[in-house]
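Here the structure comes first, spelled out in structure tokens, and everything after it is commentary.
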Amino acid sequence: HSPSAASAAGTKTNVRITPQTTLGAALAKKTNRPVASSAFVIKLEVPFRKVFSAWCKQQGLSEESVAFVAANRRLNSEECGSLLQWPANGLVELQAFFTADVPGSVQ
């Protein structure tokens, strides 16, 4: 591996999105099967809206109806992993909620 290849590989991380509460129940009812997590590999410099959009499209949901939370913090679609100092080549767990169902404890 050249240094440039190593640094390019280090700019990505893994994201797993798991539907929560009523969103998970609604998706399970719609598909008639238990809802599983979805995994994505994202570039740390790319705004979250890309992965949010891809996940919502997979689930047949509007982006406006879903909120994404990591470590008890609601994510803004214009933020990115590097801004939040997410680990390169790590795993970040996100929870997806209907916007109206985001717990009050989430910042």
Is a side-chain N or O of [X] found less than 3.5 angstrom from the main chain of [Y], in a donor-acceptor match?
{"X": "E93", "Y": "L91", "answer": "no"}
{"X": "E79", "Y": "N76", "answer": "yes"}
{"X": "N89", "Y": "T13", "answer": "no"}

Task: Heavy-atom neighbours of E78 CD exceed 12 at 6.0 Å - done: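 Yes - once you tally the heavy atoms of other residues, nucleotides and ligands closer than 6.0 Å, there are more than 12.
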Open item on the list: Please determine whether the number of non-hydrogen atoms from other residues, nucleotides or ligands lying under 6.0 Å from atom NZ of K30 exceeds 12.
Closed with: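 Above 12, so yes.
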Distance in Å, [X] [atom1] paired with [Y] [atom2], rounded so as to fall on 0.5 Å steps:
{"X": "L23", "Y": "Q95", "atom1": "CG", "atom2": "CD", "answer": "11.5 Å"}
{"X": "N14", "Y": "I42", "atom1": "CG", "atom2": "CD1", "answer": "9.0 Å"}
{"X": "I17", "Y": "F52", "atom1": "CD1", "atom2": "CZ", "answer": "7.0 Å"}

- [ ] Take T99 and E64, measure what side chain to side chain contact (heavy atoms under 4.5 Å, CB included) needs, and give me the verdict at the end.
- [x] CA-CA 8 Å; T99 304; E64 298 77 28; over 6 Å; no
Between [Y] and [X], is there a side-chain heavy-atom distance shorter than 4.5 Å?
{"X": "P103", "Y": "F97", "result": "yes"}
{"X": "L94", "Y": "F48", "result": "no"}
{"X": "P87", "Y": "L44", "result": "no"}

TODO: Assign the ring pair W55 / F68 to parallel, tilted or perpendicular, where the plane angle (0 to 90°) is split at 30° and 60°.
DONE: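 The rings of W55 and F68 stand perpendicular, inter-plane angle above 60°.
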Task: No-hydrogen, no-angle side-chain donor-acceptor test under 3.5 Å, S53 and E63 - done: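 Looking only at side-chain atoms, E63 and S53 do form a donor-acceptor pair, the distance falling under 3.5 Å.
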Open item on the list: Run R73 and L84 through side chain to side chain contact (heavy atoms under 4.5 Å, CB included) and show every step you take.
Closed with: CA-CA 11 Å; R73 180 184 179 280; L84 300 180; 3.8 Å; yes
TODO: Given side chain to side chain contact (heavy atoms under 4.5 Å, CB included), test N72 with S105 step by step and report yes or no.
DONE: CA-CA 7 Å; N72 213 36; S105 61; 3.8 Å; yes
